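Below is one structure, written out as structure tokens; the observations come after it.
Worth saying up front: this structure is predicted, and the values here are computed from it rather than measured. Residues take their numbers from the sequence shown, with the count starting at 1.
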Amino acid sequence: MAELKLTVERLQIGVFVKLPVKWGEHPFMFTSFKIKSQEQIEVIRNLGLKHVIVVPEKSDKPPYR
């Protein structure tokens, strides 16, 4: 399963992400999940992360180019 390191600016709803932080360092239930709302994207961006890991095989859509 190929994983891609992408900037947070390229995230969109439907993309499956793995956050490069420990479980207690973010407000989500899991560290890996499919983005379901614009609010989740904003929370990820506000964590101060520059990159996240994206799993294309588990995503509904590709990330923005």
Side-chain angles (χ1 to χ4, degrees):
M1 188 180 309
E3 297 180 350
L4 306 170
K5 181 178 176 181
L6 295 176
T7 61
V8 294
E9 290 80 23
R10 295 182 60 191
L11 294 177
Q12 69 170 327
I13 295 169
V15 173
F16 189 95
V17 297
K18 290 185 176 182
L19 301 178
V21 294
K22 295 178 183 156
W23 182 79
E25 298 175 349
H26 61 80
F28 301 106
M29 180 79 72
F30 301 102
T31 305
S32 301
F33 59 94
K34 190 179 296 180
I35 296 174
K36 293 184 168 62
S37 69
Q38 187 64 39
E39 290 79 19
Q40 288 179 323
I41 294 172
E42 294 306 316
V43 170
I44 292 170
R45 290 178 178 161
N46 288 333
L47 289 174
L49 301 174
K50 301 288 185 212
H51 297 88
V52 295
I53 304 300
V54 172
V55 183
E57 291 84 7
K58 293 185 177 183
S59 299
D60 295 334
K61 296 180 179 180
Y64 288 127
R65 294 194 179 272

Hydrophobic cluster identity match, [X] and [Y], side-chain contacts under 4.5 Å:
X   : Y   : answer
V8  : I53 : no
F28 : V54 : yes
I35 : V21 : yes
F33 : V43 : yes

Check whether any side-chain heavy atom of L47 lies under 4.5 Å from a side-chain heavy atom of P27, and answer yes or no. yes

Hey, can you pull the donor-acceptor pairs under 3.5 Å for the side chains in residues 11-20, sequence neighbours left out?
| unit_1 | atom_1 | unit_2 | atom_2 | d |
| --- | --- | --- | --- | --- |
| Q12 | OE1 | Y64 | OH | 3.3 |
| Q12 | NE2 | P62 | O | 2.4 |
| K18 | NZ | E3 | OE2 | 2.5 |

Nearest heavy-atom contact between W23 and T31 is CA-OG1, 4.0 Å

Work out which heavy atom in A2 is nearest to a heavy atom in P56; give both atom names and the distance. O-CD, 3.3 Å

Residues at least two apart in sequence or cross-chain that pass salt bridge (charged side-chain N to carboxylate O under 4.0 Å, His left out) with K34, listed by chain then number, are D60

Output all residues satisfying salt bridge (charged side-chain N to carboxylate O under 4.0 Å, His left out) with R45, sequence neighbours left out; order by chain, then residue number. E42

